[in-house]
Amino acid sequence: MTFLSHALGALAFTGLAATMPLAASAQARAHVHGQIKLDIAIEGPTVVIEMESPLDNFVGFEHAPKTDAEKKAAADAVAQLRAADQLFKIDPAANCKLGPVTLRSAALGLGKAEAGAEGHADLDGSFAFNCTKATDAKFIELGLFNAFKGLRQVDAQIVTPDGQSKRSLKRPNARLSWGGGK
Ligand SMILES: [Zn+2]
């Protein structure tokens, strides 16, 4: 999708948002091409990462894949997202292993997903890690910028037993740290 057509789509949706419930308009604002939203929760023995992203960030389009090239791009992106321990390299101090990965995208026919705004589509995911010392984790090295060239910014909220923090990372800065992590 070109920048212009996306901008027009976003404008059209902004006009609609005024008459929509608050939750729906908040969701619309979250869909910005080039940006990913992460909610990271460290609790007990687990690190759980919830991801919301425009599908465009991973494959460069936002519709059901039609051509062979689009089908390959979708399959490649899904394979990369399932290998989530390469995209989210958690502080080795926490000693984590990748657990269940769930991906949701209506356009790709993955999981239970709501259709996006007209002309747009999302690919969301849940990534669970099982750790022996989860609360020792003080950073995550993100492989997302290397894996997905269209991605420019990651906005993260991190919740740990010590409290919660927000971080915004812009390419090429790939280290998400908190609680004194460097
Ligand atoms: Zn979009």
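All ligand and atom numbering here is 1-based and tracks the order in the structure. Here the structure is a predicted model, which means the values were calculated and not measured.
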Angular separation of His33 NE2 and His31 NE2 about the Zn ion (ligand 1), given to 10°: 100°

Considering only N, O or S atoms of His120, the one closest to the Zn ion (ligand 1): ND1

Glu62, N/O/S atom nearest the Zn ion (ligand 1): OE1

Distance-only donor-acceptor check, side chains Arg104 and Ser126, under 3.5 Å: yes

Member of Ile42, Thr46, Val47 meeting the side-chain contact (heavy atoms from CB on, under 4.5 Å) criterion with Cys131: Val47

Worked check of salt bridge (Lys or Arg N to Asp or Glu O under 4.0 Å) between Lys72 and Asp68: CA-CA 6 Å; Lys72 182 176 185 310; Asp68 285 349; over 6 Å; no

Can you list, pair by pair, the side-chain donor-acceptor contacts under 3.5 Å of residues 85-102, counting residues two or more places apart and other chains?
| unit_1 | atom_1 | unit_2 | atom_2 | d |
| --- | --- | --- | --- | --- |
| Asp91 | OD1 | Ala93 | N | 3.0 |
| Asp91 | OD2 | Lys138 | N | 2.9 |
| Asn95 | ND2 | Thr132 | OG1 | 3.0 |

